[in-house]
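Note sheet for the following structure.
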Amino acid sequence: MRMLVYANREAERRILKNKDIIKKVSTTTRRMIEQVNENLKAEINAREEEYDKLRAREGEEPEMF
């Protein structure tokens with residue numbers, strides 16, 4: 001679970017860095033960076049959902065196959 005949290009923090013840092021870069025580049029590059037930011041946000045949301053699933057199963061016994 002820690003890995004998911006650390007990955008999300010790293011992605012959030014990248015988004016903030018990209019926002020600073022957007023101010024200094026051309027419109028074509030800006031669109032590309034904005035698309036990268038959208039992809040990062042989607043990855044963050046997916047990790048948060050995975051974290052919630054893991055958190056919900058914390059008190060349960062492991063399944064036996």
Side-chain angles (χ1 to χ4, degrees):
M1 290 194 321
R2 288 183 184 169
M3 301 270 302
L4 296 173
V5 173
Y6 292 136
N8 279 351
R9 287 183 185 165
E10 179 61 32
E12 289 169 354
R13 282 188 212 110
R14 275 194 246 149
I15 289 171
L16 291 175
K17 286 181 183 178
N18 288 344
K19 285 183 181 180
D20 289 338
I21 293 171
I22 284 175
K23 298 174 187 175
K24 305 172 187 173
V25 294
S26 67
T27 56
T28 310
T29 309
R30 182 176 296 143
R31 284 189 217 129
M32 291 171 43
I33 293 173
E34 288 172 350
Q35 184 62 41
V36 168
N37 283 350
E38 292 300 319
N39 292 342
L40 288 171
K41 289 177 185 177
E43 290 175 11
I44 289 171
N45 289 336
R47 284 189 206 109
E48 286 177 354
E49 289 175 10
E50 182 67 25
Y51 179 80
D52 291 339
K53 287 179 186 177
L54 291 173
R55 182 100 180 178
R57 296 192 63 169
E58 249 181 16
E60 296 178 10
E61 293 182 26
E63 295 178 4
M64 301 298 261
F65 292 101

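Note that the numbering runs from 1 along the sequence shown for the chain.
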Checklist entry - So how far is it from Glu12 CD to Arg9 CZ, rounded to the nearest 0.5 Å? => result 8.5 Å
What pairs of donor and acceptor atoms, side-chain ones from residues 45-52 against any protein atom, are under 3.5 angstrom apart with sequence neighbours left out?
unit_1: Asn45; atom_1: ND2; unit_2: Lys41; atom_2: O; d: 3.4
unit_1: Arg47; atom_1: NH1; unit_2: Asn8; atom_2: OD1; d: 3.1
unit_1: Arg47; atom_1: NH2; unit_2: Glu43; atom_2: OE1; d: 3.4
unit_1: Tyr51; atom_1: OH; unit_2: Arg55; atom_2: NH1; d: 3.4

Without placing hydrogens or testing angles, list every side-chain donor-acceptor pair under 3.5 Å for residues 24-32, not counting sequence neighbours.
unit_1: Ser26; atom_1: OG; unit_2: Thr29; atom_2: OG1; d: 3.3
unit_1: Arg30; atom_1: NE; unit_2: Ile22; atom_2: O; d: 3.3
unit_1: Arg30; atom_1: NH2; unit_2: Ile22; atom_2: O; d: 3.3
unit_1: Arg30; atom_1: NH2; unit_2: Val25; atom_2: O; d: 3.2

Next on the checklist: Other members of the hydrophobic cluster containing Ile44, with the 4.5 Å side-chain heavy-atom rule, please.
Outcome noted: Ile15, Val36, Leu40
Checklist entry - Side chains of Arg14 and Lys17: does their closest heavy-atom pair fall under 4.5 Å? => result no
